[in-house]
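Remarks on the structure that follows.
Residue numbering restarts at 1 for every chain, and letters A, B, ... go by the order of the sequence lines.
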Amino acid sequence: MAMPTPRPPRNPRALLSYVPFLFKPNRGSSSPFADPIKLLKKSAETKNLRIGKLVHAHLITSTQASKTQDVFHANSLINFYAKCGDISIARQLFDQMSERNIVSWSALMAGYLHNGLALEVLVLFKQMFSVDNLRPNEYIFAIALASCSVSGRIEEGKQCHGYVLKSGLEFHQYVKNALIHMYSRCSDVEGAIWVLNTLPGYDVVSYNSVINGLVELGYLKEALEATARMASEYKAWDNVTYISLFGLSARLKDLNLGKQVHGQMLKSDLDCDVFVSSAIVDMYGKCGNILNARKVFDCLQDRNVVSWTALMAAYFQNGCFEEALNLFSVMEVEDFMPNEYTFAVLLNSSASLSALRLGDLLHARIKKSGFKGHTIVGNALIIMYSKSGNIKGANKVFSDLIFRDSVTWNAMISGYSHHGLGKEALDLFQDMLTSVVSPNYVTFIGVLSACAHLGLVQEGLYYLNHLMRKMGIEPGLEHYTCIVGLLSRAGLLDEAENFMRSTPVKWDVIAWRTLVNACHVLRNYGLGKRIAESVMLMDPHDVGTYILLSNMYAKESRWDGVVKIWKLMRERNIKKEPGVSWLEIRNITHVFVSEDNKHPESSQIYEKVGELLAKIKPLGYVPNIAAVLHDVEDEQKENYLSYHSEKLAIAYGLMKTPSEASIRVIKNLRMCDDCHSAAKLISKVTNRVIIVRDANRFHHFQDGCCSCADYW
DNA sequence: ATAGGGTTAG
């Protein structure tokens with residue numbers, strides 16, 4: 001039994017006098033329990049479990065016997081317990097009643113609805129006629145329809161709709177709005193709009209439900225149309241309207257629309273509560289206007305954890321990861337407690353910086369804060385560990401997470417893929433198929449790239465052509481690009497090109513560059529150059545293509561070609577980003593730029609690089625001087641190679657960390673051939689695990705091998 | 001006279 005046996009208070013008057021709203025000195029001698037029904041209502045509204053229970057106790061023991069048998073008192077009690085979340089007590093009282101009316105049913109059903117037990121509402125809905133011979137009224141319909149909405153039961157919702165029409169209660173605005181909301185939430189926008197247009201009468205809630213439903217389902221064009229219609233028909237917008245419209249602007253990334261809505265809001269006399277203001281901050285952030293997001297935030301007199309998180313998210317979405325992280329300490333100084341969303345944004349920011357150390361610190365805070373079981377936090381932790389190069393850490397979080405959604409599975413599957421662990425990715429995909437979560441569009445990107453890693457051409461094509469269709473997922477550009485990678489990685493370059501030419505897809509530069517890169521790796525320079533030349537015509541500003549093309553000319557010792565490309569780049573003002581690598585040692589991030597000597601320990605580092613290269617030469621390391629500019633003497637070329645930023649970073653890591661520690665380096669560009677073969681051998685001679693995250697993927701160097709199997 | 005209902009930010 002959940003509730004202790006009620007006992008009468010020794011001196012109820014003394015106890016109750018602590019509560020201001022009960023203290024009525026002018027009312028003379030009347031007992032505080034004079035109007036228990038009002039008291040219960042007040043206790044329910046304020047969720048004051050203690051006072052309500054006192055009233056309950058008083059009703060049980062009061063001299064007027066069996067007050068709890070009275071249907072009004074019992075209904076008030078049911079409502080009170082249901083509102084306070086004690087739904088099982090409400091149910092007991094309900095079951096014990098000798099006589100119930102329609103309010104008894106609606107109070108209990110509303111309780112189940114608001115306590116997340118929507119399906120129980122539908123059970124009761126079916127029982128009320130057979131048990132008590134009662135017909136639903138407009139209240140019952142509103143609750144039942146809301147239960148269909150939250151549980152996504154469109155079939156039951158449609159049955160309710162028919163029943164509403166039969167009972168003639170469709171003219172109640174509450175019922176109509178509940179119907180619109182039900183269709184919206186059950187992804188049946190046509191149904192929602194049909195109700196809006198067919199049944200007479202609308203208010204702001206009707207429009208809010210329609211627009212909100214359209215926005216949530218991604219029907220942004222239709223949402224815009226509905227907004228235009230509302231703007232002409234209905235002017236009395238409320239907070240919810242503005243929040244929906246800011247959400248719409250944010251999803252469209254339409255700064256102009258957002259500004260218009262903002263202006264409209266300022267002109268109206270709507271008071272901008274903390275909900276609306278967070279939506280504005282979010283809108284400016286998502287529309288890329290971080291300055292306005294900041295300005296709005298700075299002007300707020302009312303802030304809460306959501307406003308802070310919205311601002312942090314705005315910085316994160318605009319690539320200002322350090323700023324997002326710095327806001328956290330300001331927020332803490334001002335005494336706002338972070339919640340699960342805050343931690344998710346912080347983890348995503350630290351993941352984008354590959355700041356593993358910071359990520360670990362955040363993880364520790366999350367364990368203490370009690371948010372670690374939240375799915376969005378777990379998802380962010382998996383992404384953080386995976387992007388920071390710690391795939392084992394990611395897997396640990398995944399295993400410990402109890403409630404996994406599709407993001408959880410996708411993050412782990414694509415994490416394995418990025419780390420070259422194709423088998424683990426596919427095994428996990430099999431587990432996902434037996435779980436309660438269904439694969440989606442994103443899942444198959446990870447699955448297909450895992451197939452590419454493993455060279456599983458047949459499986460990959462099966463997933464694309466059969467499994468995805470069977471699951472109702474329309475393949476998109478990303479999937480087709482994975483297939484290009486899959487075919488070309490398996491050495492089927494011609495098939496890959498034919499696939500691209502015969503599939504009616506609007507290919508982008510990334511897809512073509514996948515093919516060019518494959519030609520480069522597989523040394524089919526003829527095909528590679530031909531395709532690269534045509535990609536250059538498609539997009540004359542894609543740096544990656546120029547670099548690949550010049551590398552291929554260099555591999556063939558076609559220095560005239562290399563000169564041609566570099567000249568073209570100069571003419572078109574296309575600059576290769578300088579190579580930058582960095583690694584964290586204890587709390588400090590050390591940054592290395594190719595050929596620079598800005599680091600205070602520069603000379604020791606160069607000495608270490610020389611030492612390492614000397615050690616690996618006997619194991620077969622040959623400096624790949626073709627990777628360097630042609631117009632330099634060979635000896636000089638070898639020097640240039642040894643100054644590559646990832647070599648400097650690896651050398652520094654070896655100097656500064658204990659001999660068993662693994663080294664994690666992050667690089668902004670694709671790792672070069674020479675550094676790749678050097679890193680393999682360095683991992684062997686030093687007996688270290690070296691993990692490099694480059695622009696595309698992770699390389700795990702261990703015992704002379706790399707997880708990418710020399711294809712990247 | 002009296003108890004019960006729909007939309008909402010990161």
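Counting only N and O atoms by type, the side chains of A/Arg294 and A/Tyr284 include no donor and acceptor under 3.5 Å apart.
The six-membered or imidazole ring of A/Phe343 lies away from that of A/His374, with a centre-to-centre distance of 6.0 Å or more.
When heavy atoms are screened at a 4.0 angstrom cut-off, A/Val281 is found touching no nucleic acid atom at all. Among the atoms of the strands shown, none is found under 4.0 Å from any heavy atom of A/Ala178. Heavy atoms of A/Val305 sit under 4.0 angstrom from at least one base atom. No contact: A/Asn239 has no heavy atom under 4.0 Å from any strand.
For B/dG4, the base has a donor-acceptor partner in the side chain of A/Asn137 [N/O atoms by modelled type, under 3.5 angstrom]. For B/dA9, its base sits under 3.5 Å from the side chain of A/Asn304 at one donor and acceptor pair at least. Remark: the A/Asn101 side chain and the B/dA3 base include a donor-acceptor N/O pair separated by less than 3.5 Å.
Between the C1' atom of B/dG5 and the CZ atom of A/Phe125 lies a distance of 13 Å, rounded to the nearest Å. Rounded to an integer number of Å, the gap from CZ of A/Phe80 to P of B/dT2 is 21 Å. Rounded to an integer number of Å, the gap from CG of A/Asn75 to P of B/dG5 is 12 Å. Atom pair A/His114:NE2 and B/dT8:P shows a separation of 12 Å (rounding to whole Å applied). As a whole-Å value, the separation of A/Leu248 CG from B/dA9 P is 14 Å. In this structure, A/Asp238 atom CG and B/dT7 atom P are separated by 13 Å, rounded to whole Å. As rounded to whole Å, 20 Å separates atom P of B/dG5 from atom CD1 of A/Ile180. Distance CG (A/Asn339) to P (B/dA9): 14 Å, rounded to an integer number of Å.
Shortest non-hydrogen contact noted between A/Arg303 and A/Glu334 is NH1-OE1, 3.9 Å. Heavy atoms only, all atoms of each residue included: A/Ser209 and A/Ser184 are closest at O-OG, 3.1 Å.
Nearest to the side chain of A/Ile243, among B/dA9, B/dT7, B/dG4, sits B/dA9. When the nucleotides B/dT7, B/dG4, B/dT8 are ranked by their closest atom to the side chain of A/Phe275, B/dT8 comes out on top. Looking at the side chain of A/Glu138, the nearest of the listed nucleotides B/dG10, B/dG5, B/dA3 is B/dG5.
Phosphate proximity of B/dG5 to A/Lys83: present, with a side-chain N or O under 4.0 Å from OP1 or OP2. For B/dG4, the OP1/OP2 oxygens have a side-chain nitrogen or oxygen of A/Asn79 closer than 4.0 Å.
Between A/Tyr207 and A/Tyr234, the angle of the ring planes lies from 30° to 60°, which puts this pair in the tilted group.
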